[in-house]
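Numbers here simply count residues along the sequence, with the first being 1.
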Amino acid sequence: MKRLFEIDPWLVATHQLDKADRRLQESITAVGNGYMGVRGNFEEGYSGDSLQGTYLGGVWFPDKTRVGWWKIGYPEYFGKVINAPSFLDIGITVNGQRIDLATSQYRDFYLALDLHQGLLKRQFVYIGDDAEVRFEFSRFLSQVIKEAALITVKATVLRGHATIVFDAGLNGRVTNEDSNYDERFWVPLDEDAAAKSMQLQTKPNPYGVPQFTVLLKQQLRVKDQPVDGQLTTKSGRLNEQVAVQLDAGQNFQLEKDAIVVTSRDVAPDDQAAVAAQLMKQVTGQSFSAHLADHTAIWDQRWAKSDVVIEGDPAAQQGIRFNIAQLFMTYYGEDKRLNIGPKGFTGEKYGGATYWDTEAFIVPMYLAVTPPEVTRALLQYRHDQLPGAYHNARQQGLAGALYPMVTFNGIECHNEWEITFEEIHRNAAIAFAIYQYTVYTGDESYVNHDGLEVLVGIARFWADRVHFSQRTQQYMIHGVTGPNEYENNVNNNWYTNTMAVWELQYTLERLVKGDTDVATALAVTDEEKQHWQAIIAHMYYPTDDQLGIFIQQDNFLDKDLRPASTIPVDQRPINQHWSWDRILRSPFIKQADVLQGLYFLNDHFTKAEKERNFDFYEPLTVHESSLSPSIHAILAAELGKMDKATDLYARTARLDLDDYNHDTQDGLHITSMSGSWLAIVQGFAGMRYDHDQLRFHPQLPKNWQRYQFKLNYRGRLLAVDVGKQAKISILAGPALDIVVDDKPLHLEVGETHA
């Protein structure tokens, strides 16, 4: 565990520049606004080890799938996040010496991400032979004008005389690091010195995927007034220099405003005019005024989503860091976007969405954002339904197979065990529709667009299963379950269980759905009978002696031993063991059987949950960022609060403490909801099945209290758990709930303990 930042309830701050872990610092101090994001790179540049990264929502590149042996059905291309042209650069020289904290002398370093408003601040004192200058930086990406980035740098001379030159630039000469090392994806189109802008386009591709055009524009300001520096342009670069001379005690503040527009929203020929109009909006008010407007939006979001923890400052910082980073990644404004595994913080993994969104983000966003935010996530999948049908056809199957990795609905992952076999992702798409419906009470989606999705998925399952004449049961062979440390297994219990659940749910919704949709889908009686037969005769691997559901056929034949037997210096095993050794081992990457117990919680007895938890959790290495939260929730339900609290700490501070030694590549955005789930569904025991909101509150022993709010069917509820649990309705109509298995009637303004 590595802790680079100080513990603070609303700040992620440090007084140390850790050159050995600079990339880790950059990941943790990334900022975004749902439209674009940038890692915590230094404006003035840094020649030491660093991952320079700026990312634009929905902008990507299709690269050739690289595999040793081509197989029929492989995706044509691997879709990847690409490093975008940078608007961040402000090179600085003092008396002719370029400032570079990798080599320059400095003191009083400070770096802080303000979680309340998504504001990054930094300062240090540069020590030169003939001058000392304190530099203070602030930057944020506007929540009001999504295309706008606002940056300030203030220089104060503490000793001597300083001639300071600021070199503010736009840089299109960027490369990728994750998979196409040092490759450039951007072709310069134009550099316009008069407009202080440049335009670039992604390089051509042979797959029919549209190229993206982006235009960047900058304006420098001093005391809120535009200034013109000395401009130079080169292919893919624009630089503007402003020089100032200061004596001891004097200061100077430069503001750099940047606009970024892409062809996703603005046609290339119109980008210059649109960027000019947006820049006029930005320069129409001061940095502080923009920050106030930006902060007002954050205030509104935090008012409904904040989780307060008393007695554990590290836990408090962890949950707020995760909520802030999630909201900087996605808040539903653009239905064409989703929540990528790294968000706007890195290039790794590729793809704009995984099954993580439906399985882990949806249950949190249902409760802390307006319903239309989650509805947008569901709509994203419906809009990509044609791609899901294409993916199934590529495998020679009927119905819809949603992609594991995608930007446009077409599967674009390049590993066979993911592309072909990790088909359980289909179940998460359907389960998100179910969760939205039962939580909000809104059936308009499931009865129309959602029904089309459910039927497409059901038709896939019906074709993907096969009937075993020997056992007279249906089976699903050749899959990878949620535990990706085993591939090409037969009868993964979770996959079989969720396939049956989805078929049953689809049959239930068909009789309730919109008539015109059901008619167009034309599900025949023969299909329904086939689905019913699968439901009635699916095979599930179980062991009566142990009383558990077996993860997949033959799992119990492994060399079963707990993860505690792995030497510490060999953890994480994915960074120390060969893939062959991992596949043969009994060790589980993340919840698999337990994922099913979490999803279908009310389908199983407490005894069944406990036996399976006690068997599988000791085998789990939690080397997926998605793993700790599910185990924390089940542990809390089973009264194992010490275990639940430990696992909460792991999910809440996974990136802040770099548990898996890989945060330098970017944050684990889609698992960040896990800390909220662990508190609300775990410690507070919140469930919402059977049209009933239920709680079973518990308090971790080292916490004094925790508080959170929920949006629920037009109401805002407040939950306060200390020595007693208090629940109240802050707004909206009365509500009947269940607390510790006892019915409770809530009226607005009342608090019940």
Within 45° cone of F61 ring axis and under 6.0 Å: K80 NZ or CZ: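 Output no; distance or angle outside limits.
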Should the pair R301 and Y331 be classed as cation-pi, given the thresholds of under 6.0 Å to the six-membered ring centre and 45° from the axis?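 Yes, R301 and Y331 form such a contact.
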What I want to find out is whether [X] reaches [Y] closely enough, with some N-O distance under 4.0 Å, to be called a salt bridge.
X: R221; Y: D257; value: yes
X: K256; Y: E240; value: no
X: D383; Y: R336; value: no
X: D100; Y: R98; value: no

Can you tell me if [X] and [Y] form a side-chain donor-acceptor pair at under 3.5 Å?
X: Q199; Y: D190; answer: no
X: D224; Y: S286; answer: no
X: H290; Y: Q285; answer: yes
X: T213; Y: Q201; answer: yes
X: Q97; Y: S104; answer: no

Neighbour count above 12 (heavy atom, 6.0 Å) for K146 NZ: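 Yes - once you tally the heavy atoms of other residues, nucleotides and ligands closer than 6.0 Å, there are more than 12.
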Give a yes or no on whether D247 atom CG has more than 12 heavy-atom contacts from other residues, nucleotides or ligands under 6.0 Å away.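 More than 12 within 6.0 Å, yes.
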Main-chain N/O of [Y] paired to [X] side chain as donor or acceptor, under 3.5 Å:
X: N205; Y: P62; value: no
X: Q325; Y: A30; value: yes
X: Q211; Y: T202; value: yes
X: W302; Y: H116; value: yes
X: N660; Y: D662; value: no
X: D655; Y: H668; value: yes
X: R173; Y: R184; value: no
X: E255; Y: K223; value: no
X: R139; Y: L150; value: no
X: N83; Y: Q52; value: yes

Starting at [atom1] of [X], measure out to [atom2] of [Y] and round the result to the nearest 0.5 Å.
X: F87; Y: N171; atom1: CZ; atom2: CG; result: 12.0 Å
X: D167; Y: Q230; atom1: CG; atom2: CD; result: 9.5 Å
X: Q316; Y: I7; atom1: CD; atom2: CD1; result: 11.0 Å
X: I679; Y: I309; atom1: CD1; atom2: CD1; result: 4.0 Å
X: I297; Y: H294; atom1: CD1; atom2: NE2; result: 8.0 Å
X: S197; Y: M279; atom1: OG; atom2: CE; result: 9.5 Å

Heavy-atom closest contact ([X] atom, [Y] atom, distance):
X: E136; Y: T156; result: OE2-OG1, 4.2 Å
X: L238; Y: M198; result: N-SD, 4.3 Å
X: G169; Y: N239; result: CA-ND2, 4.0 Å
X: A155; Y: L246; result: O-CD1, 3.9 Å
X: R39; Y: S27; result: NH1-OG, 2.8 Å
X: T233; Y: A193; result: CG2-CB, 4.1 Å

Taking the side chain as C-beta and beyond, is there a heavy-atom pair between [X] and [Y] under 4.5 Å?
X: D108; Y: R134; answer: no
X: K154; Y: T152; answer: no
X: V214; Y: W186; answer: yes
X: Y365; Y: F327; answer: yes
X: R653; Y: R3; answer: yes
X: W298; Y: L119; answer: no
X: V81; Y: W60; answer: no
X: I669; Y: I339; answer: yes

Can W676 and V307 be said to form a side chain to side chain contact (heavy atoms under 4.5 Å, CB included), step by step? CA-CA 8 Å; W676 187 93; V307 178; 3.8 Å; yes
Evaluation steps, ring-ring contact (aromatic ring centres under 6.0 Å, His included), between Y35 and F344: CA-CA 9 Å; Y35 174 81; F344 298 113; 8.5 Å; no
What verdict does the side chain to side chain contact (heavy atoms under 4.5 Å, CB included) test give for K217 and Q271, after you've listed the backbone C-alpha separation in whole Å, the side-chain angles of each residue and the deciding distance to 0.1 Å? CA-CA 10 Å; K217 181 180 180 67; Q271 288 179 349; over 6 Å; no
Applying side chain to side chain donor-acceptor pair (under 3.5 Å), which residue pairs with at least one partner in residues 8-19 are found, sequence neighbours left out?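 The answer is E6-H15.
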Set out, in order, the CA-CA distance, both residues' side-chain angles and the distance that settles side chain to side chain contact (heavy atoms under 4.5 Å, CB included) for Q253 and N251, then state yes or no. CA-CA 7 Å; Q253 180 165 306; N251 63 68; 5.8 Å; no
Which class fits the ring pair F124 and F135: parallel under 30°, tilted 30 to 60°, perpendicular over 60°?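 F124 vs F135 ring planes: tilted.
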The test is side chain to side chain contact (heavy atoms under 4.5 Å, CB included); show your working for V405 and Y349 and say whether it passes. CA-CA 9 Å; V405 175; Y349 297 138; over 6 Å; no
